[in-house]
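Everything on this sheet refers to the single structure shown next.
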Amino acid sequence: MDDSTKLLLQRLIRRIPTQMLKATLEKWGRLSAAQRQSMDFTQSKWALTETLLTVCEENELTMKHITELEMIYVIENPNQGMWYTFQLMDPEDDAHSVELTQFKEQFKSHLGELIRNVSVKIKKHTDEAVWIRIAWGDGFSRPNHLKPTYVVHYLQTPYVFVSSLKSKLKPLLSQALTLSTRHQAIKDANLSGRKLTAIRELLMRQYQQVFPTKYPSPLAENNQTVSHHQQVEKEQAEAAANRHQMAGEAFGDGALPQLQSAVYKLETRFRDPTNKTMTERGEPFRCVVKFSSTNLLESFRHCASSDNAPGPSSQMSQTMQN
């Protein structure tokens, strides 16, 4: 094992929680049963790392094998790092027929033509997701396996999820993806967060409780607690109940996907009768609005039910869906 391989293994073992390490090594399958049984998982991480280094050197494992271990851990624990979403546009007539083997060959070929010294590993998960690990190099350096980019794509869908991608490498990845999936373009989907599963469920409509069209009115229940002798309290209670109902119709009343940020590109016009120069401007103002929260959809639902939302709940939910 060379120094870079040892360093990657050391960082990876420190990253994997001790309680998950044994099961992860079993899935890896690069150590014999006797070697795994000889390991004491109650030791410190430092001692475990040294033991694993020795065993891996005895087995003559290479960088290829260590990256396999990393992919197993990342795929089993996807809600780490920051994930960004992209949407493939304008599919060609044969886009629906692209299958895994063809995609793998085309993606590696196209990316290899765009940049020298790049290492690509592709693995299909049990949920049909295609996971891609890319270690980038350039014309003068070997691929840096310590800072890989991860890409997740479901074939025959337009969505791509990307983590740890430098801006200068984005055009290269975009071109390789569009060519290998038979699309004409790719654009930002303007959603990001540390919960890959939440973003995926929202974009791919895998969230089963999304936005019911009917929601039971809570007024009958709340009427028991409303004071009928004070008109103001009654009106306030009815307004609160209506807001709660609209929020329920828009967002449901169960757990929501834990989305953390959303970006919207807007066009608007300047309105001020005292400033004709700006008001009569022919071109609209273009701006970007970003919403951020530990749970963005939950925050929207709370705003809607507490009368802090600037617009109807249904419009907010529809905007999130689109």
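Computed from a prediction, not measured in an experiment: that's the story for all the values here. Excluded from the calculations below are hydrogen atoms, water molecules and symmetry mates; all remaining heavy atoms, backbone and side chain alike, are included.
Counted within 6.0 Å of CD on E99, heavy atoms from surrounding residues, nucleotides or ligands total more than 12; the atom is thus considered enclosed. For CG of D3, the number of neighbouring non-hydrogen atoms (other residues, nucleotides, ligands) closer than 6.0 Å is 12 at most. Around atom CG of D93, no more than 12 heavy atoms belonging to other residues, nucleotides or ligands sit under 6.0 Å away.
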Considering only distance and modelled atom types, tabulate donor-acceptor pairs under 3.5 Å from the side chains of residues 141-152, sequence neighbours left out.
unit_1, atom_1, unit_2, atom_2, d
S141, OG, D138, OD1, 2.9
S141, OG, D138, OD2, 3.4
N144, OD1, L146, N, 3.0
H145, ND1, R133, NH1, 2.9
T149, OG1, W136, NE1, 2.9
T149, OG1, S164, O, 2.6
Y150, OH, E70, OE1, 2.6

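Residues forming a ring pair (Phe, Tyr, Trp, His ring centres under 6.0 Å) with F86 (at least two apart in sequence, or on another chain): none. Taking the salt bridge (charged side-chain N to carboxylate O under 4.0 Å, His left out) definition, one finds that K123 meets it with nothing, sequence neighbours left out. For T54, the side chain to side chain contact (heavy atoms under 4.5 Å, CB included) test picks out E58, with sequence neighbours left out. Scored by the ring pair (Phe, Tyr, Trp, His ring centres under 6.0 Å) test, W83 finds W131 as partners (sequence neighbours excluded). Scored by the side chain to side chain contact (heavy atoms under 4.5 Å, CB included) test, R36 finds L25, E26, L31, A33 as partners (sequence neighbours excluded).
When every heavy atom of W28 is checked against every heavy atom of H65, the shortest pair comes out as NE1-O, 3.0 Å.
Note that CE of M71 and CD1 of I122 are 8.5 Å apart. Values are rounded to the nearest 0.5 Å. Taking NZ from K64 and CG from L69, the interatomic distance works out to 14.5 Å, rounded to the nearest 0.5 Å. A distance of 13.0 Å separates CZ of R14 from CG of L48, quoted to the nearest 0.5 Å.
In this structure, a donor-acceptor pair under 3.5 Å is present between the side chains of Y154 and D127.
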